[in-house]
Amino acid sequence: MDMKKIFTFILLAFSLVHLYADEKGELWAKANDAYSMGQYETALADYMQIEDAGFESYKLYYNMGNAYYKTDNMGKAILYYEKALKLNPAGKDAMNNLQIAKLRTLDKIDVLPEFIIATWVKDIRNMMSSNGWGYTAIGLLVLVCVLLLLFKFAPTTGGRKFSFVLACVAFLFFIFALLFAVNLRVRANSDDFAVVMVPVSNVKSAPNSTGNNLFILHEGSKVEILEQAGKWCRIEISDGRQGWLEGKDIEVI
């Protein structure tokens, strides 16, 4: 392939990407206009086209959650608020709306208490998204390099000591920021949690329809998927109870 053909191929690729971005932007604007006019079903259809094209973002999932809430579909509303928070746990709007949507569900499940330090670490981690922590880690690494240069070329002993101490502190924060970024990225790509999508789901003692009914979950309840056996999933809810339910009754966040 000669250089002219390569150049033509690159231009074509960029043109297609630009066209796709423009079309997606037009569809996004169209969906938002429909939402603002109270045409929630139309807005959802356009939002779902964007999602089906492989695009995901906090704002998209947040808007979809709002549209589902407006159409009185609490299961889907909770699912998409959870999807939004999975990408950006610092999203206060999605968190507030999620709590409001949960008030309209039937199941009021207690949450097992956890070690206070674990709660603090999670609260700090959830102050930013994975990208936010990633950019913070990069900034801290640059700061470490600058401080090490100051340590090497500082004219006084006191200046070198001060630069070295600051570099160590900045490197420690860099490690934490990097760990938070990786943890949130892994969390965003995981399939460990789901939301019940049917009005009533019987949780069984075994992965079959003949198992004993342990308890009942209703639409909108969040579950953790522990394992799968065929069409059945072993789940755990926030109060620690476990059991098996059919995979068709839930949708992964």
What's the separation between atom [atom1] in [X] and atom [atom2] in [Y], rounded to the nearest 0.5 Å?
{"X": "Trp120", "Y": "Ile116", "atom1": "CH2", "atom2": "CD1", "answer": "5.5 Å"}
{"X": "Tyr68", "Y": "Ile78", "atom1": "OH", "atom2": "CD1", "answer": "13.5 Å"}
{"X": "Leu150", "Y": "Arg160", "atom1": "CG", "atom2": "CZ", "answer": "12.0 Å"}
{"X": "Thr42", "Y": "Met37", "atom1": "OG1", "atom2": "CE", "answer": "8.5 Å"}
{"X": "Gln228", "Y": "Asp191", "atom1": "CD", "atom2": "CG", "answer": "8.5 Å"}
{"X": "Tyr135", "Y": "Ser129", "atom1": "OH", "atom2": "OG", "answer": "8.5 Å"}

How about [X]: does its [atom1] atom have over 12 heavy atoms from other parts shown lying under 6.0 Å from it?
{"X": "Lys108", "atom1": "NZ", "result": "yes"}
{"X": "Met127", "atom1": "CE", "result": "no"}
{"X": "Phe215", "atom1": "CZ", "result": "yes"}
{"X": "Met197", "atom1": "CE", "result": "yes"}

Can any side-chain N or O of [X] pair as donor or acceptor with the backbone N or O of [Y] at less than 3.5 Å?
{"X": "Thr71", "Y": "Ala67", "value": "yes"}
{"X": "Arg125", "Y": "Phe180", "value": "no"}
{"X": "Ser221", "Y": "His218", "value": "yes"}
{"X": "Asn88", "Y": "Ala84", "value": "no"}
{"X": "Asn183", "Y": "Leu179", "value": "no"}

Check whether any side-chain heavy atom of [X] lies under 4.5 Å from a side-chain heavy atom of [Y], and answer yes or no.
{"X": "Ile225", "Y": "Asp192", "result": "no"}
{"X": "Asn66", "Y": "Tyr35", "result": "yes"}
{"X": "Val203", "Y": "Arg241", "result": "no"}
{"X": "Leu79", "Y": "Lys83", "result": "yes"}
{"X": "Trp133", "Y": "Arg185", "result": "no"}

Q: Test salt bridge (charged side-chain N to carboxylate O under 4.0 Å, His left out) on Glu251 and Lys76 and set out the steps.
A: CA-CA 9 Å; Glu251 189 168 340; Lys76 286 287 190 178; 2.8 Å; yes
(Q) Pairing donors with acceptors under 3.5 angstrom, does anything connect the side chains of Thr210 and Asn208? (A)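 Asn208 and Thr210 do have a side-chain donor-acceptor pair below 3.5 Å.
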Taking [Y] as the starting point, is it possible to reach [X] by hopping between hydrophobic residues whose side chains are less than 4.5 Å apart?
{"X": "Ile100", "Y": "Leu85", "result": "yes"}
{"X": "Tyr61", "Y": "Phe55", "result": "yes"}
{"X": "Trp244", "Y": "Ile109", "result": "no"}
{"X": "Leu106", "Y": "Val223", "result": "no"}
{"X": "Leu98", "Y": "Leu103", "result": "no"}

(Q) Assess the residue pair Arg104 and Asp72 against the criterion (side chain to side chain contact (heavy atoms under 4.5 Å, CB included)); give the C-alpha distance rounded to whole Å, side-chain angles, the decisive distance to 0.1 Å, and a yes or no. (A) CA-CA 10 Å; Arg104 298 183 58 184; Asp72 204 33; 2.3 Å; yes
Q.
According to side chain to side chain contact (heavy atoms under 4.5 Å, CB included), who are the partners of Leu214, at least two apart in sequence or on a separate chain?
A.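 Leu214 satisfies side chain to side chain contact (heavy atoms under 4.5 Å, CB included) with Ser205 only.
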Q: Kindly write out the residues that satisfy side chain to side chain contact (heavy atoms under 4.5 Å, CB included) with Asn32, not counting sequence neighbours, or none if the list is empty.
A: Trp28, Tyr47, Asn63
For residues [X] and [Y], report the shortest heavy-atom separation together with the two atoms involved.
{"X": "Ile216", "Y": "Asp107", "value": "O-OD1, 4.1 Å"}
{"X": "Val195", "Y": "Gly75", "value": "CG1-O, 3.9 Å"}
{"X": "Leu147", "Y": "Ser163", "value": "O-CB, 3.6 Å"}
{"X": "Lys30", "Y": "Asp46", "value": "NZ-OD2, 2.9 Å"}
{"X": "Thr119", "Y": "Glu114", "value": "OG1-OE2, 2.9 Å"}
{"X": "Lys86", "Y": "Arg187", "value": "CE-O, 2.9 Å"}

Q) Is it true that Tyr62 and Tyr80 have ring centroids separated by less than 6.0 Å? A) no
Q: Report yes if the distance between the aromatic ring centroids of Phe174 and Phe171 is under 6.0 Å, otherwise no.
A: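 So the answer is yes for these two rings.
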Q: Just do the side-chain hydrogen bond (donor to acceptor under 3.5 Å, both in side chains) check on Asn212 and Lys204 with the steps written out, would you?
A: CA-CA 5 Å; Asn212 295 326; Lys204 303 281 189 177; over 6 Å; no
